[in-house]
Colleague: 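What follows is a structure written as structure tokens; I'll ask about it next.
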Amino acid sequence: MAYRPLTESVTGLEEEVLRTWDAEDTFRLSLDDRADAPDFVFFEGPPTANGRPGVHHILARTIKDLIARYRTMTGHRVTRIAGWDTHGLPVELEAEKELGISGKPEIEELGIREFNDVCRKNIFTYQDEWEKMSRRIAYWLDYEHPYVTCSSRFVESAWWAISEIEKRGLLYRGHRIVPYCPRCGTGLSSHEVAQGYRDVNEPSVFVKFHLVDDPDGARILSWTTTPWTLPGNLALAVAEDVEYVRVRVLEDQPDEAGKLPRRDGPGCAAPGEVLILAKARVESVMTHPYEVVGEVVGAELVGRAYEPLFPGAVERGGSEAAWTVLAADFVTTEDGTGIVHTAVMYGEDDYRLGVATGLPQQHTVDEAGHFMPEVPGGLGGLHVKDKGTERAIRDWMVENDLLYRREMYEHSYPHCWRCASALLYMARNSWYIRTTAVKDQLLANSASVDWHPPEIGSGRMGEWLANNVDWALSRERYWGTPLPIWLCSEDDSHRRVVGSYDELAGFAGDLGEDFDPHRPEIDEIGWECHEEGCGGHMRRVPEVADAWFDSGSMPFAQWHYPFENVDEFERHFPAHYIAEGVDQTRGWFYSLLAISTILFETSPYRAVVVNDLILDAHGRKMSKSRGNIVDPWDAIGEYGADVIRYYLIAGSNPWLPKRWDPSALHETERKLFSTLRHTYRFFVLYAGEEDWSHDGDRVAGEPTDLDRWILGRLDRLATTVGEGLESYDLTRAARQIQTFVLDDLSNWYVRRSRDRFWATGDDADPADTARAFTTLHECLSTSALLLAPFAPLLADWLYRALADGDSAHRADFPASADRFESELDQAMEDARELAALGRAAREDAGVRTRQPLAAVHAVVPGGRRLPESISALLAEELNVKQVVFLSDTGDLLRLSAKANFGVLGPKHGAQTPAVARAIGELEGDGLARLREGTGVEITVGDRVVEVAPEDVEILEHAQTELAMASSQGYLAALDTDVDEALRGEGLARELVNRVQRIRREEGLEVADRIRLIVAGAEDIENAAREHGAYIAGETLAVSVDVGNAGSADLTSVEIDDLDAMIRVERVSG
RNA sequence: GGGCCCGUAGCUCAGCCUGGUUAGAGCGCACGCCUGAUAAGCGUGAGGUCGGUGGUUCAAAUCCACCCGGGCCCA
């Protein structure tokens, strides 16, 4: 058989393979092959289908695909179901943009139905593009049966999960402090908040809180930059270990000019008044003269009661802690007074403290940003951010002697990105999952995961879990999984958390065909409360679920578990492996973990590989505003998918931020891919010439040392690549393949074997040629298999071309045949090191490689010698007649000893340096004995130390005039004398070189026979005569005619300043 | 403010977990070589004391502490 010529265009080859896959349905076949094989479970993290795929998605998808392909090759069935994340704010924002509306009031004006219709329609805007790109980068995934988070089936499974959480008593209603836009009536996501920070100059106030039952009638001084939260004040927070002082305000003293100090602005303190604040803050806060009349630590203040600032604004409701001093860990003395005003509903710390100590949870501000009617001082109904409001608050405080002073304060404050309103941090109703109740299990389950890199698990995820707060499940939005929670209009302790559509139908009657659970239809469904004698109406709560709950439910919801596919779910849970970006730590990794921990008491995944961002070539984050986003299609068109995939994996570990560097892509293409293609092309060319094929009947001779060496390396490579992939060390595995292909296979095995691939000379040995082909064929096809997970397209093409036509992705991953021989490998290493040194010596001496030399004198560390065949390789590589190993009996060699610190250190401790120095001074006899393996005694200072052979390394140095180079105990010294015979041979070789060039220039095929005519200087003609047979063999000349130029058309060349005339004539037939 | 990662040659990265004394690759640069793969390939050379400081140790790029710079996530 003839091997297929390589498709020259890289992208053309890739497209060709993709077409083959489409026609053959190779992905399906690869799954069917493994139908009865053990499962290797992979979960696809659903991308949001309303954004375009970028280059960073290629990285994530490559990592996913790579392991899946590898596991398939190791005999597993790797089910890979595509998924789409279809709910959530990004989809809503896109819909708002399309509809030209903004904010909740406008959405509700339009109608939730119309709005959600647009959301639903938009979901798959980019789906085609995702699938197209995934196909092109050879990401195999089952797109025919994707899970879609907004499908009825998926939502029903999510409902089931929520109802299970309720059954475990872990679902509750509370509040959540959100950055809230009172105009738009909506909470903002952190991403939105980040877009709207502005520097503002606003009043801040120092407020006097009148203590109850204080002998001095003291006031506690607190500070806030948001005066509108003061009516909601319910407590003062202090740090227990901070020192506070009581200070008495003194009379103002006239200055030198007899004037009293003037204070601008409202508020004051009368002489004799006693104020309490942190010792560290007194200097900067007090504007009056004062004296310190007492010191207390925070703990002593805890429990003291004070009078409400705005009586009646909030009802006590039986709370003991209301309007008292509380201890808190978030208090600092960096600004303010060291005493923090706490308005339970208007700050995150405040709310947490309120929950912990049982403070009332009551709003003083309504949804639109207006004070409630109960707030005294004429504030009721005012918008908290209106111009006059701050004035009204201030007036009330002045009237009631609550204000110490007021000053302007400049800081950065978030504003709504839509309407520029100042955001209010406000408690909103929210449904929570009590994840804190399972914190220990979360930590234990996370600890059981094989994280790559491990610090994600122990650090980022571990820290996050250790500080876990309850999961705020609900969103006050429209396009999402509706919370399946129904509350009674009369008593909201009557509630139903519905776990299936059947259950809902049981309460509310038939749901009809093709039931869709989304808003607003679901909001209409209700029923009479079932509680005895209640008579209330059950209505669904308006919220939808956090979209992370959807994606975290995919392990079971992708199977519509528990309603269907119970066995499929059980077989595919937990996942052996998932892979996503590091930003998913608190996203998908967390939501999967939390849900599975609660429902199934186990981690949903066993191994996780994370990837970091892809930066631009300058190390900057890619962003639209910078305009430095790389279009994946451009890159694919230029380099092809394989190169990109391999580069992304081999360049650096996936969990490090990676630069997108076109020059590195180019290098990857040249080094690994181009070399591999060249090697294949070389193989095809000569296999064709020699009519060899792997299933032919040519009998191969015994493997040479070189064959055994490369096959040993191949086996070792198969082992290490397999180990790397087993342990998710993808980068190391990828790099090893390149080293093998480039350095071992192409640049040594093929180079040193070249003339074995044509059986034309006098010493031709067809059996050996067959052996060389057999070896190269195995190396190429095994390399293709090893490369298949990384670069699936070229690998598949090569494997199909080299083997029997089946896809590489249906083959088994190569196993080592244990042919690695460490002594042979060491010898080859030695030879290659000596070859490098020999070339260096030639360069030094200015003698080119084509000039044969008599000998190289060589030294190998440890006195090793090379087997005959390896010596021959070395001689050929260096173009010398023989390799002479210097022996210590000769005059050429001098020995020295170097301490082996690793062995010496533990033996001698502090004496190590002295012993090492003494070893360095050893000479003659001692060295010789150590080299032969006997210990010697040396004197170090005043003691005698036994030095064993393993304590030292014996180095050999040449004492010679020869051209030499040495490194790391290796040495190569060339005998540069060129006698007449060598010179003749050199000239003959130059002639061969010139003839080959002419052959090429004249477009001859490699196997074409020629008639050769050589004329010119006497030395040239002599060399041509003497080495005619050699020249004829090398150039495929049927005749070499010397000195008889005649009238033929000759090409004139110059060799070492000598003129030569050459004619190459193709022999026809 | 908290957590995590990174900082080694002009550039991209190994090495660090498990400490051992001329710190390795590749790219780029300079010079040279080879070629029956050729709009390829190979070699040699120059170039770093491993972000800084302090500590542990006979010995630190490697372990510890603090600091500086960059990034990400969370507040």
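On a predicted model such as this, the values are computed, not experimentally measured, just so you know. Chain naming here is simple, since letters A, B, ... match the order of the sequence lines and numbering starts at 1 in each.
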Colleague: Return the set of residues passing salt bridge (charged side-chain N to carboxylate O under 4.0 Å, His left out) with A:D612 (not counting sequence neighbours), or none when no residue passes.
Modeller: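 So A:D612 forms no salt bridge (charged side-chain N to carboxylate O under 4.0 Å, His left out) with any residue.
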Colleague: With A:D729, which residues qualify under side-chain contact (heavy atoms from CB on, under 4.5 Å), at least two apart?
Modeller: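 side-chain contact (heavy atoms from CB on, under 4.5 Å) list for A:D729, sorted by chain: A:N653, A:S727, A:R732.
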Colleague: Only stems of 3 or more consecutive Watson-Crick or G-U pairs count here, both distances under 3.5 Å; name the ones for RNA chain B, or none.
Modeller: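 As far as RNA chain B goes, consecutive pairing (with distances under 3.5 Å) yields the stems B:1-7 with B:68-74, B:10-13 with B:24-27, B:29-33 with B:41-45, B:51-55 with B:63-67.
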Colleague: For a quick test of your reading: what N or O donor-acceptor pairs under 3.5 Å do the side chains of residues 906-920 of chain A make, sequence neighbours left out?
Modeller:
unit_1: A:K907; atom_1: NZ; unit_2: A:D951; atom_2: OD1; d: 2.7
unit_1: A:K907; atom_1: NZ; unit_2: A:D951; atom_2: OD2; d: 3.2
unit_1: A:T912; atom_1: OG1; unit_2: A:G909; atom_2: N; d: 3.4
unit_1: A:T912; atom_1: OG1; unit_2: A:G909; atom_2: O; d: 2.4

Colleague: Please name all residues satisfying salt bridge (charged side-chain N to carboxylate O under 4.0 Å, His left out) with A:E876, sequence neighbours left out, ordered by chain then number.
Modeller: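 Checked A:E876 against salt bridge (charged side-chain N to carboxylate O under 4.0 Å, His left out); matches are A:R752.
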Colleague: If each of A:R848 and A:F901 is mapped to the nucleotide of RNA chain B with the nearest heavy atom, which maps nearer the 5' terminus, i.e. the 5' end?
Modeller: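 Looking at RNA chain B, the more 5' nearest nucleotide goes with A:F901.
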Colleague: Under 3.5 Å, which donor-acceptor pairs link side chains of residues 994-1006 of chain A to any protein atom two or more places apart or in another chain?
Modeller:
unit_1: A:R994; atom_1: NH1; unit_2: A:E990; atom_2: O; d: 3.4
unit_1: A:R994; atom_1: NH1; unit_2: A:E990; atom_2: OE1; d: 2.8
unit_1: A:R994; atom_1: NH2; unit_2: A:E1054; atom_2: O; d: 3.2
unit_1: A:Q996; atom_1: NE2; unit_2: A:E1034; atom_2: O; d: 2.8
unit_1: A:R997; atom_1: NE; unit_2: A:N993; atom_2: OD1; d: 3.4
unit_1: A:R997; atom_1: NH2; unit_2: A:N993; atom_2: OD1; d: 3.0
unit_1: A:R999; atom_1: NH1; unit_2: A:D1008; atom_2: O; d: 3.0
unit_1: A:R999; atom_1: NH1; unit_2: A:T1035; atom_2: O; d: 2.7
unit_1: A:R999; atom_1: NH2; unit_2: A:E1005; atom_2: O; d: 2.9
unit_1: A:R999; atom_1: NH2; unit_2: A:V1006; atom_2: O; d: 3.2
unit_1: A:R999; atom_1: NH2; unit_2: A:D1008; atom_2: O; d: 3.0

Colleague: Could I get the full list of ring pair (Phe, Tyr, Trp, His ring centres under 6.0 Å) partners for A:Y728, not counting sequence neighbours?
Modeller: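 Once residues adjacent in sequence are excluded, the partners of A:Y728 under the ring pair (Phe, Tyr, Trp, His ring centres under 6.0 Å) criterion are A:H452, A:Y577.
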Colleague: C1' atom, B:C63 versus B:C73: distance in rounded Å?
Modeller: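 Pairwise C1' distance, B:C63 against B:C73, rounds to 28 Å.
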Colleague: Sequence neighbours left out, what passes side-chain contact (heavy atoms from CB on, under 4.5 Å) with A:A447? Give chain and number order.
Modeller: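 A:A447 satisfies side-chain contact (heavy atoms from CB on, under 4.5 Å) with no other residue.
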Colleague: Pairs under 3.5 angstrom, nitrogen or oxygen only, protein versus nucleotides 1-11 of chain B, please.
Modeller:
unit_1: B:G3; atom_1: N2; unit_2: A:R460; atom_2: NH2; d: 3.3

Colleague: My understanding is that only residues two or more places apart in sequence, or in another chain, count here; which of them pass side-chain contact (heavy atoms from CB on, under 4.5 Å) with A:S753?
Modeller: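 Expected list: A:L706, A:Y749, A:R756, A:F757.
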Colleague: Sequence neighbours excluded, which residues qualify as side-chain contact (heavy atoms from CB on, under 4.5 Å) partners of A:V978?
Modeller: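 Scan of A:V978 (side-chain contact (heavy atoms from CB on, under 4.5 Å), adjacent residues dropped) gives A:Q851, A:L853, A:L982, A:R983.
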Colleague: A:I63 and A:A579: which non-hydrogen atoms are nearest, and at how many Å?
Modeller: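 A:I63 and A:A579 have their closest heavy atoms at CG2-CB, 3.9 Å.
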Colleague: Using a cut-off of under 3.5 Å, enumerate the N/O to N/O pairs linking the protein to nucleotides 40-46 of chain B.
Modeller:
unit_1: B:A40; atom_1: O2'; unit_2: A:H678; atom_2: NE2; d: 2.8
unit_1: B:G41; atom_1: O2'; unit_2: A:N747; atom_2: OD1; d: 3.3
unit_1: B:C42; atom_1: OP1; unit_2: A:N747; atom_2: ND2; d: 2.8
unit_1: B:G43; atom_1: N2; unit_2: A:E843; atom_2: OE1; d: 3.2
unit_1: B:G43; atom_1: N2; unit_2: A:E843; atom_2: OE2; d: 3.1

